[in-house]
Each structure stands twice: as structure tokens, then as C-alpha cells.
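A short write-up of the structure that comes next.
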Amino acid sequence: MNELAHRPGSMPGFRSAALDWLYLAALLSGAALALVRYGSHMDGYDTAILIIHVPLLTAVGWHWKPFRGFAATVALLALAAIALYQGDLARADQTFALKYLISSQTAIMWMSALVFIATGAYWLGLIAGADFAERTGSALTWVAVAMGTTGLLVRWYESYLLGPEIGYIPISNLYEVFVLFCLITMLLYLYYETRYGTRRMGAFVMVIVSAAVGFLLWYAFSRGAHEIQPLIPALQSYWMKVHVPANFVGYGAFALAAMIGIARLLAGRGILAARLPAERILEDVMYRAIAIGFAFFTIATVLGALWAAEAWGTYWQWDPKETWALIVWLNYAAWLHMRLTGGLRGAMLAWWAVIGLAVTTFAFVGVNMFLTGLHSYGSL
Amino acid sequence: MQRGTARDLFELLSSMRFAISLLTALGIASIIGTVVQQNEPFNAYLNQFGPFWFPVFETLGLYSVYSAPWFLVILAFLVLSTSLCIVRQTAPMLREMRSFRERAREVSLRQFAHRSEFSCSLHADDALARIEDYARANGFAARTDRRPDAVLVAARQGSLSRSGYFLAHGAIVLICVGGLLDGDLPLRAQLAFGAKSSTSAGQLIADIPESSRLPESNWSFRGNVFVPEGRSNRYAVLRLDDGILLQTLPFSIALEKFHIEHYDNGSPSRFASDLTITDVETGQSFSHTLEVNRPLFHHGIAIYQSGFEDGGSSLRLRAHSLLPGHPARQQDIAGAIGDVLPLSDKGYAHTLELTEFRAFTVEDVVPDPDQEARQGSVLTQVQRQLGSGAGAPADKAMRNLGPSFVFRLRDEAGQAREFHNYMMPVERDGAWVVLSGVRDSAAEEFAYLRLPLDEDGRLETWFSLHGLVFDPARHEQIASRFAERSLPGADEATRTRLTATARHVLDLFAERGYETVARFIETTVPSDERERALDLFLKILNGLVWEAWAIQHEQSGREAPILDEARARYLSNATTALSDSLLYGAPLYLQLLDFTQRQATVLQVTRSPGKAVVYAGFLLLILGIFAMLYIRERRLFVLLKNNGDVLVALSSNRRTVDVDEHFGRHVDALRLILDPAFAPDTPAMPR
Ligand code: HEM
């Protein structure tokens, strides 16, 4: 009788369940292998972080099935790159597969190109009403995320090839976090795409990702920002490694919410309304995105405070970057309150989400450009 | 009436509208604080805002917004508002958490947005049992209410969501209160109510009055301890507005050595201080190496590596006069970084402020990537982007230019210029020169004087040339020797003419170098002949400097120099440097002969009683927010009427779309167990 509690359509098929276990087994054996082979080089933090990733990735993969395939692909590509490198950085220019496919910078370039094409495909689908184009957009976005993630993972490895004391996790400068931003925004979007069973929001979300990629390319081509530079002492911290990803879940989710907000505003005026999901669906996605963004942004800010306490001696000292994080946080706290208890709905809330992106963008890049402070790593 | 006002006030303060206004106000106030740089010396503000706005902004507290009274008032209201909000919500929330609403009447269930009706073919008791089982199996707690005409199963789940409210909002109060304890409020309170006052910076520790010293027992402070190598210190300097206070520590901190390590590319990889910490009371001591990101805790005080400075490196300097007169005057000086020394000679009386010394001056000599990137076709640019993230090794040529020091020269009128002088020569266009940067204010870039090294690798020749070329008394001699050498066989009259011309060139040059020469040509020569005239003037100038060089050789009893390529290059560099030296803005050049480096570490020491409170607040905040956002409170009502009709209704405290999905699932499942004849044809909601 208990089984009946499940909706018939949601009963996990045997194949899917088997894949779930296979996925878990792969994660477990990967972690075990890493522990056995490299455990002696890892300290307590490293080990803890490695172990925590097993349940974390399991939960994500079990809850959101397509993630399993994505994780497997990325793992294989990254391992292939490592195998091809054979510990020699110079092979990036000698081996065809590395040079044109999966060395870090090439993979990130692939991601960039795919993001643009996917954006075009989604728009074609939206305007011409072509489902096929939207399916293509969705597939390309998946490939783009896979390439980008591979790029960052391989970059991590490359940084160690430069010198064991130089190696660091590549989420430490503005270039790397922009890549991270693109990845997280796309992943969040793909999640909502499966969750709500509609690809029609992709056109909007991918615009912001394209904008980020545009910046990324400018930054790499004209400033040479893609070069791996060793970390200054203040950035050599464990807190940073959790602080930054949490922050970017926040930024990515807020950006996504704003783009959905734009879609909602257009739909409210009858533009593309026939093709876009219902207004209440758009509003729901917006709320969910802001909720998850807010939750992670809270974690990020707290971790930032803990890190600041170690690096600068105070958990809070009103440094401009910190202060702007607080402003962003207060803004979305107000947004959530207005929605929940103020009963605010519809266009107003959508406008607010769009304006929220302006505030977020300033906190993300504006502070680095216009204000001086201790977060000097990201200056343009 | 009284009562009503208090009630109204309570309503207002605990209202959502008020809370949102506070959040907005806090946001705007914070923005101000990021736009106006905080806690700078007041002089900087005076320069920035001018004499009119400076006091206005000072009164508004814009130089330390985050401890300004009005800012603290906003924070206090936020604490008050949140606390009152909690107070106000407690009773209804607890009621909500406890109640099952099993008394809900059918009419009110019919008002629910999510409701569905169908009929049940089972026996009532069997149906009830199945409903209760279903609720339990799906994570609901349920209570059953029997009525004459029906039975209601009222089930609920996720009431923990409400406790999230208490956690998160309580956390905000905790964080604000803890933060206030660690901020500079306690210090300001001591200033306001105790007999303490801040004093001006830049005094000796011994001179600081008792009224500006804080006792060891002070329970909340944050300050910097400055310890030069080989010394020790037990006082932390606390900055407040434009003044300082001295905090006595229960231990003294001695610095043995400060380490900076670099990556191959020249950027720093590690800062560390070898410290010995000695308890003042017991005399016990221990050694510790402090690093960035790895604080040390001792006696409830946290010690952090926060920076480094020069700890008074001693320098041996040679002042070369840049005033005309030959032989050039020299003066040797000994000083240490931080010293202010009188520096006077015939013609000037300056003060020398030695501000900074660097044993390594690492400079980025990477070719401007902007320029490099713009070269080449799109294809080659993309090609350049492929591959690993590691740049080509040659791209990262950071160069160590060796020791250098920074100083200010202040004239009698109090005007100061800043100089950055290097000890070692650098190669520029095939010749060795010594650099000296000069600027009028910190806002400007340094402009460089490049002094050429002579054949002995010394600067002396250039200074002799300087003395000769800029000494009006020598001009006639140089000019006539030049004329003689240029026109050996010519008649008297021609030679006199050339001498006069040469003399004129020399006089012009001695005024403001190339600048006056160029201006003279511009104003007196028709435009189509200017180029030739300039060429001629420069040739004469070169010849004159060459003559001065010959004179210098004669005077030092050496053979006359013979012009070759290296000497020609020296001549041209020397002439340029002569011209630049007229704009140098100092009557002397300071050459760094020797140094003994002494570094100092800057440590931050804090005692923060609120830290534990704030950290507890952080934890509760995160738990609370996740609970509120991700634990969904749901109430499921199943009304089983005696006539076999079933009414299912669902409510939720968050109106999200997935409530529809959940509701559809529950209805389908309930129908399936209550009415075996029913078979859903489509899944309730697409995946
Ligand atoms: C910085 C300050 C604050 C933060 C970060 C904060 C955070 C939150 C969050 C995240 C929620 C959940 C929103 C949702 O589920 O969509 C919430 C709900 C709520 N907040 Fe706040 N809040 C703050 C201040 C206040 C203040 C000052 C009040 C009092 C007026 C207040 C009253 C409420 C109420 C009544 C709820 C609804 C709780 C429920 O129905 O479960 N909050 N708050």
C-alpha cells in the first residue's frame, strides 16, 4: 500500500535505480582511490572536503538525474586531459586533443562558443516557435557546461604542473570566477528546465550567460587575464575554497531570477506571451531562484566573515566588498519579505528582481572597478 | 489613550513595513560608507572635499559612517524591530505549530484554493484507517475529529519551518548585539564616560599621556602592534577618528626576523614573522612563527599577521649638489627610515624625510598585453588563447631593480616633493643609467631622471659636467674653446661670432634645458628653417658639453678624451639628463651608497568578546533560513462524510507552484486507495 503513495509516473524504473547505484559506486570508488593514492598529501581539511563531496554529489545526482551523466562526462574528460598531459605542461601545444579540445583554455573557449550558439538556438526556438531549435539549445548548453567544467578542472591540474607550490583551485581571480559564474548559472537553469519541463526560459537566461562570456573573452584577449598566476598569501585559505562557490551560487541564481523577471515583464505586456510559460510559472521560478540564491549568499557571506576573521583579524570591517554583499543580501531579504508577508506579486516583484541584478552586478564587478578596498584580487 | 499609543507604537515597530524601511535605510547608509573612503587621515578628506564641505561631512559622521551615532540608531531600531516582531509572532506561531485545525468546518475547507471531491466506495472505518495510514506514511502527523455527519482527518507536516523563523530572526538580534560589542562602541563609551581621550598620531610611545592609554583589562579592542626586527613591543595602537589610543597588552611581542618569500615571477608567496612572546606577569615566553591566515590566540587575544613595513633600515647616502659651481659639492649623510633630517648647504635649507626602503624593487617589465593582444589577425589571437592556462614563461619577466628608497624633500616654505631613488644602474638603450623618480604628490606618477654612468661606472663625471655647464662664470670659456676647436683655422671675427652664438646656446640651455632652446627657435626662426636651426643648435650644444668634458678631463689631469661611439652615447644621455635635471625640483641628488635593512612586522591584535555570540548567530541564521525556505509546511485535510463523499483540501504557507503538484499527487493517491475503481489515466504533473 505504501508504494501507492508514489505517483505512478514517478516510480523509479529499474534502469534508473541501477544507474543511481552505479553513480554512487563511481563516486565512492573515486573518493577511495583519491584517498588511498594521495591521502598522504592531504591534510584534515582536504580529506573532509573530499569525503563531503560524495554525499553531496550523490544527493544532487539522485535528485536530478541528468546530473549523473554530466558528472561522469566531466570526470572522464578531465581524466583524459590529465592522462594526455603526462605531467608535462608543454604537451598542451603538442597534443592535438589537448591543444584543440580539452586543455583548460581551449575547453573554456569551446564553452564560450557553445554558449553563444546555444543562446541563438534558444532565441530561434522562442521566436520561430521551433521546438527542435530549443532542444538543440538545451543540448548545446549541456555540452557548454561540460566543457567549461572540464576547463576549470584541467586548469586546476595545470596550475600544479606550473609548480607544486603554485597550484591552487581555480576560483581565485576574476577570470576564473567568471567562468564559475557561467557554469553555475547554466546548471541552475538546466535544473529548472528539467524541473518545470519547459525550455522556453532558456532564451532569456542564456543572454546573461552570453554577456558574462563576452566579458570573459574581452578579459582574456585584451588583458591576458587567463594566465594562471600564483596566489598571494591572503588568498591561501580554506575558507576561500568554500566561500567563493557559495557566493557564485548566489550571484548565478540572482542573475537567473532577473532574466526570468524580464521574461515575466514581457509576458505581462503580451510580448512572446503565447510562447513563454504561464506568468505564475515564471514567478515561481523567480522565487525559487531568489530563495536558493539568498540561502547560499547567506552561507557565502558567513564564510567570508569567518575567512576575514583569519586573514584580517575581524569578521566584519565594512570593507566595500563586504558592505556591498550586505546590501545585496538586505535587498533580497526585503524582496522575500515583500513577497511572503507584504503580499507583493506580479510585475512589481519582477521589476525588483531585475533591479536586484544591477545591485548584484555592482557588488560583483563594480566594487572592484570603482571602489578601493581589501578585496584587491579582482581589480581590472 | 496611553495604552492605545503604546499599542500603536508596538504595532508600528514590529510591522513589516517598518522593517523594510529599516533594511532600505541600512542599505543606503552602507552605500555612503563605501563611496566615501572610511577612516582616512582627516587631511586627506580636507584635500578631497575642500574647507567648506569637510566640516559638514565630519559632523554627519561620513568619515566613519559605521560607527556614526545615526547609523547605530538604525541598527538599534533593526534589533528592536526584529525583537518586537519575534515577540509579536511568538504566540500565533506557536499556536500554528501546535494546532492541527481539526475543528475546521466544511465551509471553510471549501474556501481552499486546493480542494477536490470524489466519492468513496469503502466502509467508513476502513476508509478512515487507510487515510490515517496514508498520512502517516507520507510524513504527516494527523489528528482525527469525529463529527455527527462526518469524520475529518487533519494532517500537517513541516511545522519545523516555523521554528526557522525564530532561529533566523533571533540570529539577527544576536549578530547585531555581538557586533556592537566588538565594534568601536565600547571604546567610544570609554571616551565619553571615562577620563580617556585620543591623542595625535606620530608621537613616541613614552610621550603618550596616561589619559590616552587603555589598561590591560580592557575587554574589547582592535589595534596594531608594530615591531621592528630585534625589538619588542607591548603596546597596540588603536585608531579612532583622527587620533590614536594606546592599548597595553599582557605580553610583549619581540620580532626576530620577518620573512617574505616570492614566487619565481616576483609576486609574494609568503609573509611570516618569527616572534617571541613573553608574559609580562610571569616572564614566561615562547616562540611562534605567525603567518597570514593562521592567527595565534594568547590570553584571549588573537594575533594576526596583517602587514609589514620598514623598521628603520639605516642608509648611507651621498648628496650631490645640483647647484651650479665647480667642483660639484658632495656631502655624506647617514640616516634611518623614519628620520627627519635637516639638509642645508649654501643656497638652500631643506628637511629630508626618509620614508621607505626596499631591498628588492620588483617591477613588471612585461610588454603591455593590451598592445600585444591587438597585434595579429583574429585567427592568431584565437590561436594564442588555445592551450593551457599557463602563460609562456617569457611573458612573465618581472625584474628586480635592486634596492631603492623613497624620501621627501621639504623646502623652507613647507612644500614637499617625493623622490624614489634606485641604487643600482639599469640598462636603457644600451647605456647604463641610474634612475631617480620625482613627483609633486602621491596622486601623480613618478617622472624619471636618468643619470648616466661614466667609464668608471660612476656618476661623478656627470656631476662635474653639470657643475660646468650650468655655471654662468664658465660659459665664456666653454664657448670660446668650442669655437676654437670647431674652426681651427678661421679668422678672429668668425670665431668671435661662433663664440657668441655658442655662448647664447649655453645660456638658453642653462635656463630650462631643451625647453628654452626649442622656444627660442620657435619664436625667432621662420617655420621652414626651424628643423635645420634645431639641428644646428643641438650640434653646438653637444659640442659644448663635449668641451666641458674635455675641461673636466684636463682638470683631473687626464688625457683629452677621444670621441667614439660609447662616448657619443654618453654625451647624448648626459645632455638629456642635464636638461631634465633643471626640472628635477631639488637642489641635490641623493645617491644610496649602502644600507642595512631592518624590517618590521605589523600585527593586528584583537580581543572580541562578541565573536562567540556572532558565530552562534551565524549558525542559527543559516539553519533558520534553510528551515524557512526549504521545510514546507503543509496541511492536508480529508473530510470523509457519512454519505461516502470525500473532500480533500490542502494548504501551505508558501504559495509555490509545486503545491499544485503535491496536491494532485495526494488526491490521486487518496482516490486510488479509497475508490479501487478509480485509475488515473495521466500522471498528475509532467516531470
Ligand atoms: C536582516 C533582517 C532580516 C532577514 C535576513 C530576514 C529573513 C527572512 C527570511 C529569509 C524569511 C523567509 C522568507 C520566505 O520564506 O520567503 C523571513 C520571513 C519572515 N520575516 Fe524576516 N528577516 C529579517 C528581518 C525581519 C524583521 C525586522 C521582521 C519584523 C517585522 C521580520 C519578519 C518576518 C516574518 C513575519 C516572516 C514570515 C515568517 C513565516 O511566515 O514563516 N523579518 N525573514
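Just so it is clear: chains get the letters A, B, ... in the order the sequence lines come, proteins before strands, and each one is counted from 1. Computed from a predicted structure; not experimentally measured.
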Select one option (side chain, backbone, both, neither) describing which atoms of [X] are under 4.5 Å from chain B's heavy atoms.
X	answer
A309(A)	both
Y238(A)	neither
R155(A)	side chain
W239(A)	neither
L330(A)	both

Please give me the minimum heavy-atom distance between L23(B) and A333(A), naming the atom from each residue.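 Scanning both residues, the minimum pair turns out to be CD1-CB, 4.4 Å.
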Which pair of non-hydrogen atoms, one from L629(B) and one from A295(A), has the smallest distance, and what is that distance? CD1-CB, 4.3 Å
Are more than 12 heavy atoms from other residues, nucleotides or ligands located less than 6.0 Å from atom [atom1] of [X]?
X	atom1	value
W110(A)	CH2	no
W316(A)	CH2	yes
F96(A)	CZ	no

For the atom pair [atom1] ([X]) and [atom2] ([Y]), what is the distance rounded to the nearest 0.5 Å?
X	Y	atom1	atom2	value
M338(A)	R17(B)	CE	CZ	10.0 Å
I622(B)	T301(A)	CD1	OG1	9.0 Å
L336(A)	M628(B)	CG	CE	8.5 Å
C85(B)	H337(A)	SG	NE2	7.0 Å

For E279(A), enumerate each residue passing the salt bridge (Lys or Arg N to Asp or Glu O under 4.0 Å) test, keeping only those at least two apart in sequence or located in another chain. R264(A)
Report the residues that fulfil salt bridge (Lys or Arg N to Asp or Glu O under 4.0 Å) with R288(A), sequence neighbours left out, ordered by chain and then residue number. D284(A), D658(B)
Any ion pair linking R195(A) and E661(B) (charged N to carboxylate O, less than 4.0 Å)?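 Result for this pair is yes, salt bridge flagged.
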State whether the side chain of Y263(B) and the backbone N or O of L231(A) hold a donor-acceptor pair below 3.5 Å, judged by distance alone. yes
State whether the side chain of Y630(B) and the backbone N or O of I292(A) hold a donor-acceptor pair below 3.5 Å, judged by distance alone.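 Between the backbone of I292(A) and the side chain of Y630(B) there is a qualifying donor-acceptor contact (under 3.5 Å).
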Side chain, backbone, both or neither: which part of [X] has a heavy atom under 4.5 Å from chain A?
X	result
I20(B)	side chain
F626(B)	side chain
R222(B)	side chain
Q305(B)	backbone
V614(B)	side chain
S306(B)	neither
L619(B)	neither

Heavy-atom check, side chain of T34(B) versus side chain of V367(A), under 4.5 Å: no
R280(A)/D660(B) under side chain to side chain contact (heavy atoms under 4.5 Å, CB included): CA gap, chis, key distance, verdict: CA-CA 12 Å; R280(A) 59 186 288 271; D660(B) 302 2; 2.5 Å; yes
Which of G27(B), S269(B), A302(B) touches chain A most, by non-hydrogen pairs under 4.5 Å: S269(B)
Picking from I28(B), I31(B), L603(B), N653(B), which has the most non-hydrogen pairs under 4.5 angstrom with chain A? I31(B)
Classify the ring geometry between W318(A) and Y66(B) as parallel (under 30°), tilted (30 to 60°) or perpendicular (over 60°). parallel
Determine the option with the most heavy-atom pairs under 4.5 angstrom with chain B, choosing from [options].
options	result
E283(A), M109(A), R91(A)	M109(A)
N331(A), L326(A), L306(A)	L306(A)
A291(A), A305(A), A90(A), G151(A)	A291(A)
T323(A), L217(A), I108(A)	T323(A)

Indicate whether the side chain of D182(B) and that of Y315(A) have a donor and an acceptor atom separated by less than 3.5 Å.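 Yes, Y315(A) and D182(B) have a side-chain donor paired with an acceptor closer than 3.5 Å.
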Does the pair V292(B) and E310(A) meet the rule for a side chain to side chain contact (heavy atoms under 4.5 Å, CB included), with working shown? CA-CA 8 Å; V292(B) 178; E310(A) 285 202 352; over 6 Å; no
